[in-house]
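Here is the structure we will look at, set down as C-alpha cells.
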2 protein chains.
Amino acid sequence: MIRRQTGMTKIKNMEEFAALSGISRPTVSKYFHDPDSVRPTTRARIEAALERFDYRPNIYAVNQNRKLTKNIGIVVPYLADPFFAEIARYLEQSCIAAGYRPSLFSSHGEQKLENEILDGLQSMKPAGVLLAPLGRVSDRSAIEKFCATVPTVLFDSNLDGLGAAFIGSDNFSFVSQTVEYMTRTGEPPSFFEMRTPANPNANKRRKAYVEVMERLGFEPHIIKVDGKGWAFEEIGHKGALKVLAENELRTNSVLCSNDRLAIGFLAACYEQGIRVGRRDDCALRLASNDDHPFAKFTCPSLTTAAHDYDNVAGRSVETLFELIESGGKFETRSETLFPARLVLRDSA
Amino acid sequence: MIRRQTGMTKIKNMEEFAALSGISRPTVSKYFHDPDSVRPTTRARIEAALERFDYRPNIYAVNQNRKLTKNIGIVVPYLADPFFAEIARYLEQSCIAAGYRPSLFSSHGEQKLENEILDGLQSMKPAGVLLAPLGRVSDRSAIEKFCATVPTVLFDSNLDGLGAAFIGSDNFSFVSQTVEYMTRTGEPPSFFEMRTPANPNANKRRKAYVEVMERLGFEPHIIKVDGKGWAFEEIGHKGALKVLAENELRTNSVLCSNDRLAIGFLAACYEQGIRVGRRDDCALRLASNDDHPFAKFTCPSLTTAAHDYDNVAGRSVETLFELIESGGKFETRSETLFPARLVLRDSA
DNA sequence: CCCAAAATTTAACGCGCGTAAAGTTTTCAT
DNA sequence: ATGAAAACTTTACGCGCGTTAAATTTTGGG
C-alpha cells in the first residue's frame, strides 16, 4: 500500500514538484526520461517525493517537443475477430513492457476507416506502428505514404514492398500440413473459400492447395462461395448450404480457407444432419486454417493449422523496436514467415 | 480526389499556415475549434488553403492548454470477447461522429490492468470515459477515485453508486423471458453458471431465475461449476462434462447464465452424443443469455435473450455527451436498463 | 451613404516541459 | 588532501497553440 498525501498540495507542474522534492527541475526532467541517468541518492529523493505527492508529467507538454513520442500504434483489420483481439492483446502487453504506450485501432473491414486511422496516427507522432492491413481492400497508396513518414512493421497480411518489414505466417506450411494429413488419412479435400477474399493470405492458401494437391497427384477442386465483408461465418454457412444442396463435393473431404468459414460450414452440416468427423459414422471430414480461439468448441471440434501466435507477435514487436532504434529505416525490407502447427481435433 | 501540394512547402505550424492562407493565426485557431465560428468567406479561404497544403494542428500543443481534451476513453473488461468488440465498435463510431477522439482499452480480465488503464487515462485529460468495469474483480476504490476526477459513464456492468450514470441491460428481463419460454414449452430449466462469476450481471441473473421459477411454482435448481477467469467456453465445457457424467440435471432443460458458457456446454453435449434442441429426438433443451455474435452458428444454433446492443451503446454515448456538456456532473446518478429480446433458435 | 455590430488583425502572454550553456557542488581515484 | 570528472543548479530559450485586449476592418440594415 502506497501512502499518498491526499488532497493537500495539488502539484501543478514539474517546477512545483521539483521544489517539493528538493531537486532542480532539469534533473527531475532527466529522471523522468531515464531514472538511471541520475545519481542514486537524487533518484531516491525524487522517488520519495513521488510517494508523498501525486505528480506525473503532462504527457502533452512532454510530447510537444520530442520529435518522437513513446506512442506505438497497433492497427488490426477487424477486432471483432477474436484472433485479432488475441494478437492485439499480446502486442499491447509487449509494448507496455518495453516502456511504450500502445494505442489500439480496428479498421472494422473498411478502407475509409483504415485511412482515417493512419491519418490520425500520423498526428500522434508515434515512435512506430504495427499494422495488419485490410489487404485487398487497403488503399495501397495511402499506406505507402504513411509508411514513408512513420516507422511501420506490417504483420499478418503482407502488402508487397510496403512497410519496413513483414512478419506473418507461412501459408504454404498451413495448407501443406492440412492437405497432406487429409490425403494421408482419407480422401483428398476440396478447397472451400470466398470468391473474393479480403485477405491476401487467402490467395496464398489457394495457390498452396493447388500446388500440394498436384504434387501429391490429385486434381485440385476449388469451391468458391459468394459474399463480401468480414461476416465469414455467415458466408461460410450460406455457401455450405448451397454446396451441400447441390452436391458439389467430389470427395468426403473439405479444407476451408479459414476457421471462421469452417464454423459456418459446420453449422450448415449440423442443420442438414450431416455428421462431420473422422470416425466411420461420419459423412464428411472438415479441416481448416488459423486455430481460431473458438475452434476448440465447435461441433465437432475443428482440426486446423495453428498460427504461431507467440512468435508472430513477439517477432513483430522485436522488429519494430529494432526499427525504432535504427532510426526508422532498415537497409532492406525483410519478410519473416512462421510455420503452422497442425492441431488434430475431431472434425478431420 | 483532393489535390495536395506534395513535398513543396512543409508547413511547420499554424503561424506558417495562417500566413499561407492569408488569414491571421487567431482566426485560423478559431476555425479549427469550430469552423462555423468564422465568416463564410474566411472559412472558404482557409479551406482552400487546406486543400493546397497539408496542415493539421499539433494535437499535443492543442491539448496542452485546454483543460479538457476531445479525447474519450472506452474501457471494456475483455476485448477478446466479440460481444465487447462489437459494442466497442459502436461506441467508437458514435464518438467519432460527434467529433471526439476515442481510445479503446481492454482490461483483459485483470484488476491490475484495469487500474493501469484508468491511471493512464487520467493523464490523457479525457473529456469523458465510457467504462465497462471488470465487476467483482474491480478495485472499487480505484474506480471511485477515478470517477471523482473524470466524467465517467458506466455500462454493461454496474458498480453501485460509481460513475455519473449506468446504462446496461435488464437482467431480470433476460431471465424471465427465457425461463417463461422454456417452462411454457417444456420442462422448467436448471440454471447453469460459474461458481464465482466475474460479472455482477451473473448474480442478478441467478436471482431473477430463482424469483421467476418460484413465481411459476417450480423449484429452482442451480448448478454451479468451478473455474475462474474469462475462458468461459472452457469452463462451460468442463462443467457440462461433469454435470452430464454425474447426471446432475433434474429435467431435460438448462438455462445458461451466458452464451459463452452455453457454447462450452453445447460442445460437451456434442462430444457425449447428446442431441440438443426442441425437437422430439433431442434429449436436452438449452437456452442462454446475451446473443453472442456466434450464437447463430453454434450446433444447434442457440436460443438466447439478446441485448439491445444499439440502445445500450447509443444511450451510453448520449449520456456521456450530456454529462460532458453538464460540466462533468449530474445531480443524481441514473441507472438505465434496456430489456432483452428473446431470440428463438434451435437449441430450445 | 452612414453607423453600429460583428469579425478580423496585431501584439503579447501563458501553458508545461525539453534542453542547452554556464556556473557550482559532489564524487572518487590518486 | 587534491584535482578532475561527474552530477547538479541556475538561467533562459523554444516548442505550437490557446487566448486575451486593443486596434482595425468588414458587414449589413436603414
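In what follows, chains carry the letters A, B, and so on, assigned in the order in which the sequence lines appear, proteins first and then strands, with residues in each chain numbered from 1. The model shown is predicted, which means the values in this text are computed figures rather than measured ones. Only this structure's heavy atoms are used, side chains among them; waters, hydrogens and symmetry mates stay out.
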Begin from the C-alpha positions of B:Ile167 and B:Glu318 and carry the test side chain to side chain contact (heavy atoms under 4.5 Å, CB included) through to its verdict. CA-CA 10 Å; B:Ile167 289 92; B:Glu318 277 174 26; over 6 Å; no
Exactly one candidate in B:Arg43, B:Arg45, B:His33 meets side chain to side chain contact (heavy atoms under 4.5 Å, CB included) with B:Val38; the answer is B:Arg43
Test B:Ser157 against B:Asn199 for side chain to side chain donor-acceptor pair (under 3.5 Å), laying out the working first. CA-CA 7 Å; B:Ser157 281; B:Asn199 194 298; 3.1 Å; yes
If you measure from the Lys or Arg side-chain nitrogens to the Asp or Glu carboxylate oxygens, is any gap between B:Glu86 and B:Arg89 under 4.0 Å? yes
Grab the OH-C1' distance between A:Tyr31 and C:dC17 for me, whole Å please. 17 Å
For A:Gly120 and B:Arg101, work out which heavy atoms get closest and say how close. O-NH2, 3.9 Å
Quick one: sort the B:Tyr78 and B:Trp230 rings into parallel, tilted or perpendicular, breaks at 30° and 60°. parallel
Can you give the first and last nucleotides of DNA chain D, 5' to 3', that have an atom under 4.0 Å from a heavy atom of chain A? D:dA7 to D:dG16
Are a donor atom and an acceptor atom from the side chains of A:His108 and B:Glu92 found within less than 3.5 Å of each other? yes
Using the side chain to side chain contact (heavy atoms under 4.5 Å, CB included) criterion, which residues pair with B:Val62? Sequence neighbours excluded. B:Pro57, B:Arg66
Go along nucleotides 4-14 of chain C 5' to 3' and tag each nucleotide: B for a protein heavy atom under 4.0 Å from its base, S when only backbone or sugar atoms are that close, - otherwise. ---SSBBBB-B
